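Note that the structure is a prediction, hence the values are computed from the model and not measured.
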Amino acid sequence: MSKELIRLRDLVMEFDGERILDSINLYINDHEFLTLLGPSGCGKTTTLRLIGGFLKATSGEVLFDGQEIGDVPPYKRQVNTVFQRYALFPHLDVFDNIAFGLRVAKVPKAEINERVHEMLGIVGLRGYENRRIDALSGGQQQRVAIARALVNRPKVLLLDEPLGALDLRLRKDMQNELKRIQQALGITFVYVTHDQEEALSMSDTVVVMDKGRIQQIGKPEDIYNEPKNAFVADFIGESNILDGVMLEDYKVRFFGRTFQCVDKGFERNEPVDVVIRPEDIDIVPASEGHLVGTVTAITFKGLNYDIIVEFRGFKWLIQSTDHCAVGSTIGIRLNPEDIHIMHKSEYSGMFGDYSSYSAEYDELTEDAGDEEE
Amino acid sequence: MKKNNAILLSTPYILWMLAFTLIPLGVVAYYAVTDPVTGAFTLDNLAQLRLYMPVLGRSVGYSIVSAIICLLLGYPVAYYIAHRGKVAQKMLYMLVMLPMCMSFLLRTLAWKGLLDDTGIINNFLGLLGLPTLRMVRTPGAVIMGMVYNYLPYMILPLYSTIVKIDRRLIEAAEDLGCTPVQVFQKVTLPLSMPGIFTGITMVFVPAVSTFYISQKLGSADTSLIGDVIERFFKGNNMNLGAALSLVLMVLVFVCTGIMNRFGDDEEGGVVV
């Protein structure tokens with residue numbers, strides 16, 4: 001296991017009496033790809049800026065390699081940042097932008113040349129040395145920004161929504177490229193995004209944040225399969241979230257029925273949130289179903305249909321490759337491993353109901369908008 | 001249709017320019033190359049101008065010195081204002097503008113009152129039993145007057161350039177290892193260049209053709225090209241005055257041309 005590189009201890013950040021970060025505790029290992037994921041205003045960019053040294057925490061510590069660096073100015077930190085919308089120097093060309101950090105560090109000219117050219121190769125911009133910044137496309141500017149940071153061989157690269165301004169196709173390409181660069185150079189990446197898919201596909205570790213607090217830390221699979229509360233379950237992927245009661249270990253009751261599940265460690269008869277992922281639900285003929293409901297809407301999504309089914313006034317989202325006619329009655333089966341149990345939290349009852357399907361669904365899949373400054 | 005409208009709307013201005021700028025310019029050029037008595041074509045007026053080259057040189061020299069002093073005084077002020085909060089920025093901006101609300105003549109006369117041999121400063125020195133200073137009628141007083149009058153024209157373009165520099169570029173430079181001094185050298189200063197060039201032009205152009213300041217604060221030894229031109233026109237030697245004006249105009253055009261070239265395509269432009 002690689003060693004710990006950065007640790008945030010009880011970080012609190014307040015602006016004008018408003019609490020932006022509420023006791024953040026987090027460690028980041030060397031060579032790790034860690035993503036801070038959350039909606040607009042959750043504090044993820046603030047956390048990143050505290051690591052970069054652009055902000056000073058109201059209280060708490062930032063440790064780098066065991067050293068407290070809360071008072072160390074940005075130019076003395078061994079981290080480099082890829083800024084939101086790049087912040088490239090408009091008065092310098094591509095080469096001079098990338099060489100900026102090396103020149104400040106008084107690296108010999110020959111070495112600067114060599115390293116900048118090597119970097120241009122890595123980001124695929126050979127031949128663009130003397131281009132003006134405003135003559136580059138968004139994707140190319142993005143690459144220059146990454147090269148400008150990486151050429152300094154930082155121990156940690158901080159990336160603040162680096163792909164936010166790119167179109168979908170380019171974003172996918174750059175995701176793969178970033179991952180490749182990170183693995184090739186063995187540098188720790190701390191990545192900020194509000195795009196859950198991006199977070200899941202790129203990261204070793206995902207930190208889900210909301211309202212200035214860390215909601216869950218884990219591997220992408222764990223975050224998806226074992227969300228800790230209704231917020232995480234809803235923010236990462238799609239979830240039907242129901243009220244249930246944990247009767248005993250491996251037994252949960254909801255919708256007037258008792259189901260086998262794989263969770264344990266709850267109090268007897270503890271009220272819980274039950275998460276059922278839309279793609280885990282099997283559609284069967286009504287006579288064979290654990291539950292029987294009526295199809296109220298169906299939308300073709302390409303890979304699958306999104307089907308809204310009403311069970312006793314509660315609407316579920318089911319994703320299936322099978323078509324079901326609106327108005328038809330269907331049954332569903334739930335296997336024990338399809339049911340995930342969570343403790344009740346402040347988020348209980350706020351998410352996971354598809355009664356207002358179209359509006360909510362669109363809102364969730366759309367970008368959550370620009371990150372807070 | 002749209003194009004026609006644009007032409008229609010700009011007609012008053014075009015007529016205005018024609019009547020009060022282009023035609024007079026033609027008249028100036030005509031006078032510059034005609035004999036005062038016979039009205040025949042001649043280059044004598046232009047040939048005589050070499051007598052006034054020292055005065056022209058002095059005008060240019062004083063203006064360059066004032067532009068440099070304005071830059072050195074104005075840049076820190078502009079930088080300071082640009083880095084204050086929104087409300088403070090507005091207040092300070094107003095303060096910079098404030099002297100411009102008073103008459104140019106009044107401001108210059110006030111300086112005369114301050115610097116005069118029996119002026120406020122010398123009276124004060126006398127009260128303290130100190131020897132009085134000869135301040136008025138020196139080159140320093142003239143340059144002082146120029147700096148005082150034209151400083152806002154330096155600060156305002158500088159301020160508007162500096163305030164537009166993206167805060168994240170500063171952070172990016174810090175992130176890449178720049179100390180605050182290096183951030184200034186490598187980012188802030190290069191990005192303020194358009195404002196610097198505009199500011200220098202805005203100070204230099206009115207300063208080089210001024211005449212009132214040197215009359216009130218200077219002496220015969222500090223008379224400027226503007227004074228000479230005024231004298232010619234008052235003394236009924238319009239032809240020589242016109243020739244001198246023409247040369248001054250060419251000089252100003254060349255200077256602004258050079259500044260515009262340096263200032264690149266940035267906004268703010270240069271008003272002649």
Side-chain angles (χ1 to χ4, degrees), chain A residues 16 45 48-55 72-93 96-107 112 116 132-134 141 144-154 156-162 371 373, chain B residues 71 75 78-79 82-89 157-201 258-270:
Chain A
D16 301 329
T45 292
L48 196 78
R49 289 169 63 78
L50 283 166
I51 300 174
F54 303 113
L55 292 174
V72 177
Y75 65 90
K76 287 188 186 156
R77 297 195 182 191
Q78 292 169 291
V79 300
N80 283 121
T81 308
V82 176
F83 291 86
Q84 213 174 9
R85 279 160 289 164
Y86 326 136
L88 298 174
F89 302 117
H91 59 300
L92 303 177
D93 65 11
D96 290 340
N97 260 284
I98 299 174
F100 192 94
L102 298 177
R103 289 200 175 126
V104 171
K106 301 216 161 55
V107 174
I112 292 181
V116 171
R132 287 179 56 105
I133 292 306
D134 54 20
Q141 290 190 18
V144 175
I146 292 164
R148 182 179 70 176
L150 281 178
V151 76
N152 306 293
R153 298 181 183 153
V156 180
L157 187 67
L158 308 177
L159 302 103
D160 187 4
E161 304 248 11
E371 177 53 8
E373 281 298 319
Chain B
L71 177 61
Y75 196 98
Y79 185 91
H83 288 84
R84 295 281 86 67
K86 282 226 166 61
V87 180
Q89 276 189 28
L158 279 176
Y159 160 77
S160 60
T161 307
I162 296 171
V163 82
K164 273 189 225 134
I165 295 176
D166 192 338
R167 172 77 213 146
R168 287 169 311 131
L169 294 178
I170 309 297
E171 287 187 354
E174 288 175 336
D175 185 73
L176 293 165
C178 283
T179 61
V181 173
Q182 284 171 317
V183 170
F184 180 76
Q185 288 170 341
K186 286 171 174 288
V187 180
T188 313
L189 189 58
L191 290 176
S192 3
M193 278 331 245
I196 290 176
F197 287 123
T198 306
I200 287 177
T201 312
I258 292 170
M259 284 300 166
N260 272 339
R261 171 68 53 93
F262 277 120
D264 217 6
D265 46 0
E266 287 308 314
E267 74 296 293
V270 171

- Spacing of CZ belonging to A:F54 relative to CZ belonging to B:R168, to within rounding of 0.5 Å: 11.5 Å
- Message: Can you list everything that forms a side chain to side chain contact (heavy atoms under 4.5 Å, CB included) with A:A145? Sequence neighbours excluded, please.
- Response: A:V82, A:Y86, A:L88
- Query: Please, which pairs that meet salt bridge (Lys or Arg N to Asp or Glu O under 4.0 Å) have at least one residue in residues 170-180 of chain B, sequence neighbours excluded?
  - Reply: A:R49-B:E171
- List the atom of B:A172, the atom of A:A87, and the distance in Å for their closest heavy-atom pair. CB-O, 3.9 Å
- Search all heavy atoms of B:K186 against all heavy atoms of A:H91 and return the closest pair with its distance. O-NE2, 2.9 Å
- Message: So which residue, B:T179, B:V183, B:V187, ends up with the most heavy-atom pairs under 4.5 Å with chain A?
- Response: B:T179
- Note on the structure: If one checks every heavy atom of B:L169 against chain A at 4.5 Å, the contacting part turns out to be both
- Message: Among B:I170, B:D166, B:L191, which residue has the highest count of heavy-atom pairs closer than 4.5 Å to chain A?
- Response: B:L191
- Message: Less than 4.5 Å to any heavy atom of chain B: does that hold for the side chain of A:F100, its backbone, both, or neither?
- Response: side chain
- Message: For A:N80, which atoms come within 4.5 Å of any heavy atom of chain B: side chain, backbone, both, or neither?
- Response: both
- Message: When you compare the side chain of B:L176 with that of A:F89, does any pair of heavy atoms fall below 4.5 Å?
- Response: yes
